[in-house]
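Right, one structure below, let's go through it.
We're numbering straight along the sequence, starting at 1. The model shown is predicted, which means the values in this text are computed figures rather than measured ones.
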Amino acid sequence: MQAVGLQTHIWANNTRSIVLLAMFPVLLVLVLYGLQLVLMGFGIIQGTGGTLGDDMALAGRMLGWTVPAAAVMAAIWFAIAYFGSQAMIDAMTGARKVERRDNPELYNLLENLAISRGMQTPTLRIIETDQLNAYASGLHEGRYSVTVTRGLINTLTRDEVEAVLAHELTHVINKDVRTMVIASIFAGILSVMAELVFRGLFFSRGSRDNKNAGPLILIGIAIAAIGFALAFVIRMMLSRTREFVADAGAVELTKNPDSMISALRKIEGRSTLKAPDEVQGMFLDNQPEKAGIMGLFATHPPISKRIEALVKFGGGRDSGPWSQQTYAPSTSVPSAG
């Protein structure tokens with residue numbers, strides 16, 4: 001197993017995620033500035049009465065108080081997510097809590113992995129669906145959860161289920177769940193800002209006497225649109241880099257890259273779960289039929305790319321696409337009652 005190469009792979013992706021996440025505050029300022037220009041163009045915000053440059057400079061100076069106001073909104077949004085995110089995610093996905101007595105073998109697999117890292121065992125949850133998927137959720141120790149589907153438990157072998165649990169536990173260990181929540185908060189704030197502004201414009205009676213109204217509206221919409229698009233792409237890129245790291249972390253926890261690879265092969269093409277974009281970004285796999293130009297709007301890297309990384313950095317072996325087959329009951333984790 002190529003420990004050095006695998007660890008380097010983790011460091012590179014962690015650094016990339018930090019850089020991407022740091023761009024959200026910049027995009028917040030960019031979107032705010034664009035929306036202020038639009039509001040000025042529609043007469044909701046009073047312009048200078050001077051040149052286009054004067055109005056744009058005024059919009060820039062206004063950021064001194066609009067940016068702090070947006071930060072307060074983000075803090076409120078975070079507080080709501082902090083206390084209610086798990087209940088909302090459970091409602092969206094149909095997940096239910098599972099106790100040790102419900103499925104002792106599955107629970108013990110997760111517990112043993114957690115103990116090996118000296119951490120509290122996350123809450124275990126199951127979604128009653130034949131699709132094969134899993135995700136981690138929560139914001140801090142004592143509130144973390146690992147959720148798996150019934151289809152995943154029934155289809156994968158014990159070692160493969162352990163690899164999937166180790167993948168999700170890596171998301172918890174690396175604070176990936178927290179990172180994705182913060183990214184979703186920023187993206188959500190941008191969406192709410194846009195909706196409030198454009199709803200306000202629909203019902204407003206602002207004046208368009210500003211001689212710079214047309215250029216201000218066009219420039220503002222262009223700037224805001226760029227900010228929104230970049231925020232969305234960055235959120236998708238964050239999710240994609242996290243999956244590579246979690247795959248590598250699963251190998252480090254289990255010392256079994258082959259099981260992670262075979263699990264991904266079985267999950268491939270059978271992972272569809274309905275949920276909002278923010279939740280789908282947390283899934284073990286999410287491969288929509290249309291991922292956009294060059295995959296920019298895909299929340300996850302293709303499974304083939306993930307397996308390629310596991311073979312290269314983890315020393316695993318890929319037997320190719322999985323063909324449908326039936327395993328003896330002794331090779332799989334017993335289903336919860």
Given Leu113 and Leu109, is the side-chain contact (heavy atoms from CB on, under 4.5 Å) satisfied, shown in steps? CA-CA 6 Å; Leu113 289 168; Leu109 283 176; 5.5 Å; no
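- Criterion: ILVMFWY side-chain heavy atoms under 4.5 Å apart, direct or through other members. Under it, Val67 and Ile45 are part of a common hydrophobic cluster.
- Residues Leu37 and Ile217 fail the side-chain proximity criterion, which asks for heavy atoms closer than 4.5 Å.
- For the pair Val172 and Tyr144, the tightest heavy-atom approach, listed with the atom from each and the gap, is CG1-CD1, 3.4 Å.
- To the nearest 0.5 Å, atom NE2 of residue His171 and atom NE2 of residue His167 are 3.0 Å apart.
- Judged by distance alone, the side chains of Thr48 and Asp54 never bring a donor and an acceptor atom under 3.5 Å apart.
- Heavy-atom minimum distance, Ala250 versus Thr170: N-OG1, 3.6 Å.
- Judged by distance alone, the side chains of Glu160 and Ser262 do bring a donor and an acceptor atom under 3.5 Å apart.
- The two residues Asp285 and Ser271 have their closest heavy-atom pair at OD2-OG, 2.7 Å.
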Derivation and outcome, side-chain contact (heavy atoms from CB on, under 4.5 Å), residues Thr157 and Lys266: CA-CA 10 Å; Thr157 66; Lys266 292 180 181 180; 3.8 Å; yes
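- With Asn108 contributing its side chain and Pro104 its backbone, the two residues share a donor-acceptor pair below 3.5 Å.
- Proximity of a side-chain donor or acceptor of Thr149 to a complementary backbone N or O of Gln131 within less than 3.5 Å is detected.
- A donor-acceptor pair shorter than 3.5 Å can be found between the side chains of Tyr135 and Thr93.
- Interatomic distance, Leu152 CG to Leu132 CG, rounded to the nearest 0.5 Å: 5.0 Å.
- In this structure the side chain of Ile261 never reaches within 4.5 angstrom of the side chain of Arg306, judged on heavy atoms.
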Start with the C-alpha distance between Leu32 and Leu63, add both sets of side-chain angles, then the distance that settles side-chain contact (heavy atoms from CB on, under 4.5 Å), and finish with yes or no. CA-CA 8 Å; Leu32 272 174; Leu63 291 173; 3.9 Å; yes
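- Using a 4.5 Å cut-off on side-chain heavy atoms (C-beta onward), Phe283 and Leu273 make contact.
- A donor-acceptor contact closer than 3.5 angstrom is absent between the side chains of Gln280 and His300.
- Counting all heavy atoms, side chain and backbone alike, Ala166 lies closest to Leu253 at O-CD1, 3.6 Å.
- From Arg158, atom CZ reaches atom CG of Leu156 across 13.0 Å, with rounding to the nearest 0.5 Å.
- Between the side chain of Asp247 and the backbone N or O of Phe244 there is no donor-acceptor pair closer than 3.5 Å.
- Side chain to side chain, Gln86 and Ser137 meet the donor-acceptor criterion of an N or O pair below 3.5 Å.
- Under the 4.5 Å side-chain criterion, counting only non-hydrogen atoms from C-beta, Lys305 is not in contact with Glu243.
- If you check the side chains of Gln36 and Thr66, you find a donor sitting under 3.5 Å from an acceptor.
- Interatomic distance, CD1 of Ile221 versus CD1 of Ile226, reported as 12.0 Å (0.5 Å rounding).
- Considering all non-hydrogen atoms of both residues, Ala163 and Ser259 come closest at CB-C, 4.0 Å.
- Taken from CG in Leu124 to CG in Asn103, the straight-line distance is 7.5 Å, to the nearest 0.5 Å.
- No hydrogens or angles considered: nothing links the side chains of Asn133 and Arg270 as a donor-acceptor pair under 3.5 Å.
- For the pair Ile127 and Arg150, the minimum side-chain heavy-atom distance is 4.5 Å or more.
- Of the possible donor and acceptor atoms, one in the side chain of Glu168 sits under 3.5 Å from a partner among the backbone N and O of Ala136.
- Under a hydrophobic-cluster definition in which Ile, Leu, Val, Met, Phe, Trp and Tyr are linked whenever side-chain heavy atoms come within less than 4.5 Å, directly or via other members, Leu106 and Met119 are assigned to the same cluster.
- A pairwise comparison of heavy atoms in Ala134 and Val164 identifies CB-CG1, 3.8 Å as the closest pair.
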Begin from the C-alpha positions of Asn256 and Val251 and carry the test side-chain contact (heavy atoms from CB on, under 4.5 Å) through to its verdict. CA-CA 6 Å; Asn256 190 351; Val251 174; over 6 Å; no
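- Looking only at side-chain heavy atoms (C-beta outward), Lys274 and Met92 stay at 4.5 Å or farther from each other.
- Side-chain atoms of Leu35 and Ile223, non-hydrogen and from C-beta on, never get closer than 4.5 Å to each other.
- Put simply, the side chain of Met40 does not reach to within 4.5 Å of the side chain of Met56, judged on heavy atoms.
- Rounded to the nearest 0.5 Å, atoms CG (Leu169) and CG (Asn112) are 11.5 Å apart.
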Apply salt bridge (charged side-chain N to carboxylate O under 4.0 Å, His left out) to the pair Asp90 and Arg96, showing each step before the final yes or no. CA-CA 7 Å; Asp90 289 347; Arg96 64 176 179 84; over 6 Å; no
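- Using modelled atom types, one side-chain atom of Glu141 and one backbone atom of Gln120 make a donor-acceptor pair closer than 3.5 Å.
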